[in-house]
**Student:** 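First the structure, then my questions, so here it is.
Quick note: residue numbers are just sequence positions, from 1. Values reported hereafter were calculated over all heavy atoms of this structure, with side chains retained and with hydrogens, waters and symmetry mates removed. Predicted model, so just to flag it, every value in this text is computed and none were measured.
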Amino acid sequence: MHISSDQLKKFVLDAGFINKADLQSVEELAHQEKQSLSAALIAHGHMTEDDMRRVESYVMGVPFISLKNVKIDFEVLSLVPEPVARNHNIIAYKKNSDSLEVAMLEVADLPAIDFIKKKVGLKILPRLTDSESMRTALQQYQKTLKDEFGDLIAADASALQVIREESQEGELSESDLKKMAEDLPVVRIVDTLLRHAIIQGASDIHIEPMEEEVIVRYRIDGILNDAMKLPKHAAPTITARIKVLASLKLDEKRLPQDGRFKMELDGERVAFRVSVLPVFFGEKIVMRLLRENRSGFSLEGIGFHGDGLERIHRGIRSTTGIILVTGPTGSGKSTTLYTILDQLNTPEVNISTIEDPIEYQMPRVNQTQVKPGIGFTFASGLRALMRQDPDIIMVGEIRDAETASLAINAALTGHLVLATVHTNSAAGTISRLIDMGAESFLLTSTLRVAIGQRLVRVLAEDKEAYTLTAAERDELAEYGDLDRILEALRTEGIVEASAGWNDISFYKPKENGVSVDGYQGRSGIHEVFMMSSSIKEMVMEHKTTDELHSQARAEGMLTMLEDGIFKAAKGLTSIEEVLRVIRE
């Protein structure tokens with residue numbers, strides 16, 4: 001959004017920035033040098049860049065804001081990641097109930113505005129500012145959380161020292177630890193760590209005691225990043241505070257503990273699943289963030305499409321049988337199961353689950369948490385569920401022979417069973433269950449669909465397009481069948497029926513783009529293995545996982561890697577990201 005040359009000429013003459021003769025001379029120079037009039041006025045010393053911004057602000061009706069000597073609330077400032085702020089000269093400085101005011105040097109930077117709007121979910125109100133305001137505002141990013149709360153940490157250390165001096169024993173008692181956990185400095189430190197993680201969109205928080213310091217790391221879009229470093233003396237009080245929040249034993253430092261607590265930020269409810277583990281230098285804490293308000297997921301929305309989507313629909317239309325989701329920890333298995341449950345959740349059916357832990361609470365679903373410490377396991381919980389007249393049962397994980405046997409029996413006796421299994425591929429679920437003691441003939445009678453999946457990072461909006469060279473296509477063909485992928489793209493209408501690989505654009509992160517690393521959010525890549533008649537025969541003949549996988553591909557299954565290339569061709573992610581995830 002720039003003002004026209006006529007508007008600019010009228011204003012600079014009226015405001016006395018330049019006389020008519022000099023303006024005519026600058027116009028001629030701008031024409032010779034193929035510059036805009038505004039650039040020529042700045043280049044030849046008649047106006048500064050900040051003068052021009054004030055003119056643009058007045059003529060365009062965009063408010064001008066000075067941020068000199070303005071202390072911006074850290075929570076508001078961090079709504080725009082520092083690399084985005086520096087690359088695009090954009091600062092979040094004021095948050096309202098439904099909008100966010102941002103100061104910019106160039107209000108025409110629409111990609112940056114769109115990026116921030118999607119990130120914060122608020123209306124963005126651009127304001128022009130000057131270079132000095134931008135410089136001083138950017139300096140505020142240099143204050144890490146440790147600097148921002150340095151006084152609190154120092155106060156926390158003083159309080160800890162006083163408590164230790166008052167204690168008669170070498171080790172702090174439970175009452176001492178509780179006193180520490182309720183002290184104002186540590187309450188504010190932990191609250192800030194949690195809020196900062198929510199704002200950044202983290203899925204996990206790691207608090208790791210080292211010999212000389214405590215490292216805090218956030219997992220964002222599947223990648224761990226250092227968030228801050230705290231002094232060693234902060235570890236006991238932070239650990240005590242989190243244990244209080246999660247209702248854990250304060251004086252137990254020798255055994256692992258698990259707990260849970262909730263907090264709310266700007267109307268978003270977040271549950272924190274806490275794991276405390278004794279390590280050499282203290283206790284390591286990992287907290288999984290579970291956003292409870294999230295709803296409305298669809299299978300299409302989490303990445304299923306085409307023939308794979310149809311296979312899942314066929315599986316969930318069955319009133320009996322087993323649907324399995326497989327993949328490593330953090331691959332989105334729970335989200336897939338909850339999405340399927342959401343589609344099955346109608347008043348006509350009774351749905352019961354046995355989980356460890358309950359990650360998302362669902363209305364009209366009877367969810368039960370296992371408690372191994374008192375003997376309430378997946379197996380015993382599943383036995384109890386069978387007496388609750390269920391139509392649909394979800395088992396958080398099949399991890400032993402007893403649970404596998406009970407799940408198969410439940411499917412044989414007229415129930416639809418959803419569950420997860422830890423294997424590397426969809427076809428690998430067969431051999432995994434057989435290893436657990438499941439009979440082949442029972443598997444062929446009950447297993448409907450097995451879904452293998454991983455999560456890939458999604459490219460930000462300002463990605464860079466390119467087409468594959470012949471050499472790159474040959475290299476990619478070593479990982480998947482490009483003809484099958486191209487046919488799927490044509491069948492689903494992603495590309496024209498006559499399109500070839502030379503007509504299809506792939507994408508990669510843009511250097512110095514609006515997001516920190518070129519990615520924003522994650523989505524699934526999948527393979528959907530269906531128990532066809534030919535595969536049933538192969539299972540009965542005890543064929544290997546590789547042979548079952550090959551047969552499933554022959555029957556039309558896209559592998560996870562092929563599905564990843566499919567989504568890269570759609571522009572959702574990059575080929576490099578797909579290969580990174582599959583190779584892990």
**Student:** When you compare the side chain of L337 with that of Y360, does any pair of heavy atoms fall below 4.5 Å?
**Tutor:**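 Side chain of Y360 against side chain of L337, heavy atoms only: no contact under 4.5 Å found.
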**Student:** Give a yes or no on this: more than 12 heavy atoms of other residues, nucleotides or ligands lie within 6.0 Å of atom NZ of K508.
**Tutor:**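 No, not enclosed.
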**Student:** Are the side chains of I312 and L299 in touch, meaning some heavy atoms are under 4.5 Å apart?
**Tutor:** yes
**Student:** Is a side-chain donor or acceptor of R522 paired with a backbone partner of S331 at a separation under 3.5 angstrom?
**Tutor:**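 Pair absent, no side-chain N/O of R522 close to backbone of S331.
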**Student:** Is it the case that the side chain of E252 and the backbone of R254 share a donor-acceptor pair, with hydrogens and angles ignored and the cut-off at 3.5 Å?
**Tutor:** yes
**Student:** Taking the six-membered ring for Trp and the full ring for Phe, Tyr or His, determine whether the centres of H305 and F566 are under 6.0 Å apart.
**Tutor:**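 They qualify: ring centres under 6.0 Å apart.
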**Student:** Does D481 offer a backbone N or O that forms a donor-acceptor pair with the side chain of E562 under 3.5 Å?
**Tutor:** yes
**Student:** Nearest 0.5 Å, please: how far is CD1 in I207 from OG1 in T239?
**Tutor:** 7.0 Å
**Student:** Using a strict threshold of under 4.0 Å (side-chain N to carboxylate O), is an ion pair present between R311 and D307?
**Tutor:**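 Yes, D307 and R311 are salt-bridged.
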**Student:** CD of E472: more than 12 outside heavy atoms within 6.0 angstrom?
**Tutor:** yes
**Student:** So does M210 get a backbone contact from the side chain of K232, meaning a donor-acceptor N/O pair under 3.5 Å?
**Tutor:**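 Yes, K232 side chain to M210 backbone: donor-acceptor pair under 3.5 Å.
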**Student:** Would one find more than 12 heavy atoms of other residues, nucleotides or ligands at under 6.0 Å from atom CG of N424?
**Tutor:**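 Count not over threshold, so no.
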**Student:** Please answer whether the main-chain N or O of F378 pairs with a side-chain N or O of D356 as donor and acceptor at a distance below 3.5 Å.
**Tutor:** no
**Student:** Does the side chain of M394 come within less than 4.5 Å of I340's, by heavy atoms?
**Tutor:**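 They are not in side-chain contact.
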**Student:** Hey, could you give me the CD/CZ distance between E212 and F281, rounded to the nearest 0.5 Å?
**Tutor:**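 The CZ atom of F281 is 8.5 Å from CD of E212, to the nearest 0.5 Å.
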**Student:** Can you tell me if K333 uses its side chain to pair, donor with acceptor, with the backbone of P328 under 3.5 Å?
**Tutor:**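 Side chain of K333 to backbone of P328: a pair is present.
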**Student:** Measure the spacing between CG of L194 and CG of L245 and express it to the nearest 0.5 Å.
**Tutor:** 7.0 Å
**Student:** Return yes if some donor-acceptor pair links the side-chain N/O of D563 with the main-chain N/O of H526 below 3.5 Å, else return no.
**Tutor:**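 Checked: pair present.
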**Student:** Any chance you could measure K117, atom NZ, to K123, atom NZ, to the nearest 0.5 Å?
**Tutor:** 8.5 Å
**Student:** As a quick check of understanding, evaluate side-chain hydrogen bond (donor to acceptor under 3.5 Å, both in side chains) for Y479 and T559, giving each step before the final call.
**Tutor:** CA-CA 10 Å; Y479 297 100; T559 67; over 6 Å; no
**Student:** If you count the non-hydrogen atoms of other residues, nucleotides and ligands that lie under 6.0 Å from CD in E211, is the total more than 12?
**Tutor:**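 No - once you tally the heavy atoms of other residues, nucleotides and ligands closer than 6.0 Å, there are 12 at most.
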**Student:** Apply the test side-chain hydrogen bond (donor to acceptor under 3.5 Å, both in side chains) to residues Q367 and E355: give CA-CA distance (whole Å), side-chain angles for both, the deciding distance (0.1 Å), then the verdict.
**Tutor:** CA-CA 7 Å; Q367 297 174 267; E355 306 174 55; 3.0 Å; yes
**Student:** Checking side chain to side chain donor-acceptor pair (under 3.5 Å) against E283, which of K253, Q257, K243 comes through?
**Tutor:**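 Of the listed options, the one satisfying the test is K243.
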**Student:** Mind checking whether F261 and F272 have parallel, tilted or perpendicular rings, split at 30° and 60°?
**Tutor:**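 Geometry flag for F272 against F261: parallel rings.
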**Student:** Measure the CD1-OG1 distance between I242 and T237 for me, rounded to the nearest 0.5 Å.
**Tutor:** 9.5 Å
**Student:** What distance separates F529 CZ from I451 CD1, expressed to the nearest 0.5 Å?
**Tutor:**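 If we round to the nearest 0.5 Å, F529:CZ and I451:CD1 are 12.5 Å apart.
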**Student:** Could you tell me whether a side-chain N or O of K119 sits under 3.5 Å from a main-chain N or O of V80, the two making a donor and an acceptor?
**Tutor:** no
**Student:** Is there a donor-acceptor contact under 3.5 Å from the side chain of T326 to the main chain of T423?
**Tutor:** yes
**Student:** Closer than 4.0 angstrom, basic N to acidic O: yes or no for R457 and E577?
**Tutor:** yes
**Student:** Is there a donor-acceptor pair under 3.5 Å between the side chain of K567 and the backbone N or O of G524?
**Tutor:**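 Side chain of K567 to backbone of G524, a donor-acceptor pair under 3.5 Å: yes, one is there.
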**Student:** Measuring only between side-chain heavy atoms, which start at C-beta, is L455 closer than 4.5 Å to V581?
**Tutor:**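 Not touching, per the 4.5 Å side-chain cut-off.
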